[in-house]
Structure formats: structure tokens, C-alpha cells
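Comments concern the structure below.
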Amino acid sequence: LDNMKNKISERLKNLLNEENITVNKLAADLNVSNSVVYYWVQGKTTPGADYIMAIASYFNVSSDYLLGLTDI
């Protein structure tokens, strides 16, 4: 579980950097607080299934990619 949490955090950080999107913008676009997204990025918490799907859709990647199950 820790490895998955770390993978989501790592992939989310990379996507934010690659797309030049701030934590605040992602939080606003997903309608969650900045601290929630910050915790995801820091690996302190893991997004639930609904948010995994929302993040994947937002960045046009697969949920499996976010979870670290695939590299594409």
C-alpha cells in the first residue's frame, strides 16, 4: 500500500510539472481543498477511487498509470 501511495504521489507530481498546473488549480478544477491535493502530492494520503478516475481523466492518462500498474 505504501508503494502504491508513493507511486500515485510521484506520478501526480510529474503530471503537474509536465502540464505546468499548480496544486491550487488542480484542487479548484476537482472541487477539493488545496490541502487535499497537497497531501496527495506529498504522499500523506491517497485519493479515493472517484478521484483517481477524475485525476486520470483530467490529465488524459489511465488509472492504472496513476496507480503504478503501467508506465503508459
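- Side-chain contact check for Trp40 versus Thr46: every heavy-atom pair is 4.5 Å or farther apart.
- Residues Ala56 and Ser62 come closest through the heavy atom pair CB-C, 3.9 Å.
- Within 6.0 Å of OH on Tyr65 lie more than 12 heavy atoms contributed by other residues, nucleotides or ligands.
- The two residues Gly43 and Ser9 come nearest to each other via the heavy atoms N-OG, 3.6 Å.
- Within 6.0 Å of atom OH in Tyr39, 12 or fewer heavy atoms from other residues, nucleotides or ligands are found, so the atom counts as exposed in its surroundings.
- The environment of Asn60 atom CG is sparse: at most 12 non-hydrogen atoms of other residues, nucleotides or ligands sit within 6.0 angstrom.
- The side-chain heavy atoms of Phe59 and Leu66, taken from C-beta on, include no pair separated by under 4.5 Å.
- Between Thr22 and Leu16, every side-chain heavy-atom pair lies at or beyond the 4.5 Å cut-off.
- For the pair Val36/Tyr51, no side-chain contact is recorded, criterion being any heavy-atom separation below 4.5 Å from C-beta on.
- Placement of Met4 and Leu15 within a single hydrophobic cluster is found when ILVMFWY residues are connected by side-chain heavy-atom separations under 4.5 Å, directly or transitively.
- Taken from CD1 in Ile55 to CG in Leu30, the straight-line distance is 6.0 Å, to the nearest 0.5 Å.
- Of all heavy-atom pairs between Ile21 and Leu26, the closest is CG2-N, 4.0 Å.
- From Asp64, atom CG reaches atom CD1 of Ile52 across 10.5 Å, with rounding to the nearest 0.5 Å.
- In this structure, Leu67 is not a member of the same hydrophobic cluster as Met53, with clusters built from ILVMFWY side-chain heavy atoms closer than 4.5 Å.
- Between Lys13 and Glu10 there is no salt bridge, since none of the side-chain N atoms of the basic residue sits less than 4.0 Å from a carboxylate O of the acidic one.
- Nearest heavy-atom pair across Lys44 and Lys5 is O-NZ, 3.9 Å.
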